[in-house]
Amino acid sequence: MTKKELSVRAIKNGTVIDHIPATHLFKVISILGLDKITDQITFGTNLKSKQQGHKAIIKVAKKYFADEDINKIALVAPFAKLNIIEDYQVVEKKVVEIPEQIVGIAKCFNPKCITNNENMTTRFSLVEKSPLALKCQYCEKITNEAHLEVL
Amino acid sequence: MKNKSLVSITDFSKEEILRIVELAAEFEANPNQKLMDDKVVSSLFFEPSTRTRLSFETAIQRLGGRIIGFTDSSSSSTSKGESLNDTIKMVSNYSDLIVMRHPLEGSARYASEVSDVPVINAGDGANQHPTQTLLDMYSIYKTQGTLDNLNIFLVGDLKYGRTVHSLLMAMSQFNPTFNFISPDSLKMPDEYKLFLDKKGIKYYEHLEFTDIIEEADILYMTRVQRERFSDPIEYEKVKNVYVLRNSMLDNTKDNLRILHPLPRVNEIHTDVDANPKAYYFEQAENGVYARMAIMASILGLK
Ligand SMILES: [Zn+2]
């Protein structure tokens with residue numbers, strides 16, 4: 001375990017999510033529903049990072065995420081890295097991948113889209129990963145990276 | 001097709017489009033068939049569109065169906081702040097089919113997800129208007145005897161015109177050649193040209209409206225609207241360039257037919273109206289038979 005990771009207390013079993021942009025820490029917490037679980041969570045933010053200005057890190061005790069759940073954070077934390085911890089040891093490393101269907105995370109850029117005028121869940125299909133392009137299932141317009149807003 | 005909503009023209013396969021076109025011909029030959037006499041249709045016009053509404057209502061009446069609904073949102077519960085979800089849930093309990101026009105894009109897709117009965121999109125903002133496309137397809141089929149291998153010219157506003165985009169997508173299943181005639185500022189968007197490239201369909205772009213139309217089987221005219229131009233001088237420059245006059249039709253093919261989704265402004269001179277190649281008024285009438293075919297097939301009556 002590196003010195004950097006020790007800036008937030010180590011966990012015995014669970015998941016460490018590293019390289020979250022500091023500005024999106026609370027979005028990641030909310031997307032993963034971590035604000036609603038009872039297990040121990042520790043996080044650190046505004047940590048220095050070589051890759052990105054300031055990063056955040058989350059450690060969730062006793063919790064392992066299914067790929068389809070963790071991939072939901074890819075829109076706000078595309079470079080996030082996961083360490084799966086068992087008995088204080090990293091047993092697996094994972095990266096996140098933007099899913100083909102994005103449900104309820106992104107906002108459609110089109111002000112005349114029904115999703116921006118009705119209390120409902122947004123749905124997009126992934127058209128292009130880089131630069132990011134998402135097609136709204138409703139108005140059929142493309143929302144690209146420059147216009148992307150996370151709900 | 002039974003119980004399937006029609007939201008976007010791409011919801012229907014090539015076979016389903018052909019089935020609608022053939023059924024429309026059947027209804028035109030025999031328009032008074034009371035197939036819907038035990039059916040109630042909700043006709044929900046959240047914004048007024050007299051032309052589309054009358055066409056649907058005529059189609060429903062000819063099939064013997066009954067209509068409930070409203071003709072603009074001021075007479076609906078929406079004006080009291082009811083959500084689209086709640087309006088659709090309510091009327092889907094009352095009726096066998098919903099026909100819906102709404103100013104917001106994607107509203108018809110959402111309604112089809114919420115509703116227990118099929119939804120026909122009669123226009124959702126600038127997004128889709130699939131029954132217009134199917135009546136255009138029927139008009140092409142009727143006048144050309146086929147949908148295959150035709151040379152189709154699209155003229156005017158090719159950038160914002162949703163009718164030409166939907167027609168392009170649907171006709172692409174029938175190996176056409178396309179010619180696009182428009183001012184530079186209103187050219188066919190790249191996404192549609194990429195789509196044609198991928199399908200290996202030939203298309204040519206022209207800035208000038210000339211004797212190139214002598215190759216056309218179908219000449220599909222659209223309005224060039226003033227509000228599309230940020231620069232009024234630019235509009236003044238192009239507004240009279242893309243006008244069809246009778247004299248331009250002298251050397252065109254005998255089977256050529258001129259289509260237009262109507263209403264027109266000045267893009268087709270009235271001296272064209274008497275030419276037997278002018279087809280836009282019959283095209284509007286074909287809308288009734290195409291909509292009879294769509295409803296009968298979605299309700300599983302044909
Ligand atoms: Zn949208």
Side-chain angles (χ1 to χ4, degrees), chain A residues 27 30-31 33 36 66 68-69 71-76 78 97-151, chain B residues 5-11 44 46-47 73 76-79 81-90 98 100-115 119 121 123-130 133 159-160 162-163 165-166 168-170 189-192 194-195 198 227:
Chain A
K27 272 181 181 152
S30 128
I31 289 169
K36 293 179 189 74
E68 59 177 65
D69 290 329
N71 282 341
K72 289 180 186 167
I73 71 170
L75 282 183
V76 291
E97 209 174 308
I98 297 173
E100 291 297 318
Q101 297 294 324
I102 295 117
V103 180
I105 298 167
K107 178 174 151 60
C108 180
F109 87 103
N110 176 9
K112 294 192 75 180
C113 178
I114 184 73
T115 60
N116 289 317
N117 293 273
E118 175 97 3
N119 181 17
M120 62 184 284
T121 306
T122 63
R123 286 170 199 276
F124 295 86
S125 56
L126 181 65
V127 180
E128 201 73 61
K129 281 185 182 170
S130 185
L132 188 67
L134 306 178
K135 184 176 184 178
C136 175
Q137 182 179 309
Y138 296 97
C139 74
E140 307 183 26
K141 298 258 182 316
I142 305 281
T143 296
N144 58 30
E145 205 156 340
H147 294 120
L148 184 71
E149 254 183 79
V150 172
L151 291 169
Chain B
S5 289
L6 174 58
V7 173
S8 170
I9 191 64
T10 50
D11 293 347
L44 311 182
F46 292 89
E47 66 176 2
S73 61
S76 78
S77 45
T78 311
S79 61
E82 186 175 61
S83 69
L84 181 59
N85 175 76
D86 292 6
T87 305
I88 296 296
K89 283 250 167 69
M90 172 187 70
I98 294 172
M100 179 177 126
R101 172 102 168 188
H102 198 288
L104 291 173
E105 295 158 27
S107 53
R109 179 73 62 200
Y110 181 59
S112 76
E113 292 174 355
V114 170
S115 171
V119 173
N121 183 5
D124 60 330
N127 187 30
Q128 298 285 337
H129 192 10
T133 311
K159 185 174 181 185
Y160 301 102
R162 68 177 173 190
T163 52
H165 299 156
S166 299
L168 178 147
M169 300 293 283
D190 286 344
E191 59 176 296
Y192 294 101
L194 281 171
F195 170 80
K198 270 189 202 154
E227 55 268 31

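Chain identifiers are assigned alphabetically (A, B, ...) following the order of the sequence lines, protein sequences preceding nucleic acid strands; residue numbering begins at 1 within each chain.
Among B:D124, B:L84, B:N127, the single residue meeting the side chain to side chain contact (heavy atoms under 4.5 Å, CB included) criterion with A:I114 is B:L84.
Of the two parts of B:E191, neither the backbone nor the side chain holds a non-hydrogen atom closer than 4.5 Å to a non-hydrogen atom of chain A.
Atom CZ of residue B:R109 and atom SG of residue A:C113 lie 12.0 Å apart, to the nearest 0.5 angstrom. To the nearest 0.5 Å, atoms OH (B:Y110) and CE (A:M120) are separated by 5.5 Å. Separating the CD atom in A:E140 from the CZ atom in B:R162 is a distance of 12.0 Å, to the nearest 0.5 Å.
Looking at heavy atoms from C-beta onward, B:E105 lies in side-chain contact with A:N110 at the 4.5 angstrom threshold.
By the 6.0 Å contact criterion, NZ on A:K141 is enclosed, its count of non-hydrogen atoms from other residues, nucleotides or ligands being greater than 12. Counting heavy atoms of neighbouring residues, nucleotides and ligands inside a 6.0 Å radius, atom NZ of B:K159 does not exceed 12 of them.
The heavy-atom pair separating A:E118 from B:S83 by the smallest distance is OE2-CB, 3.4 Å.
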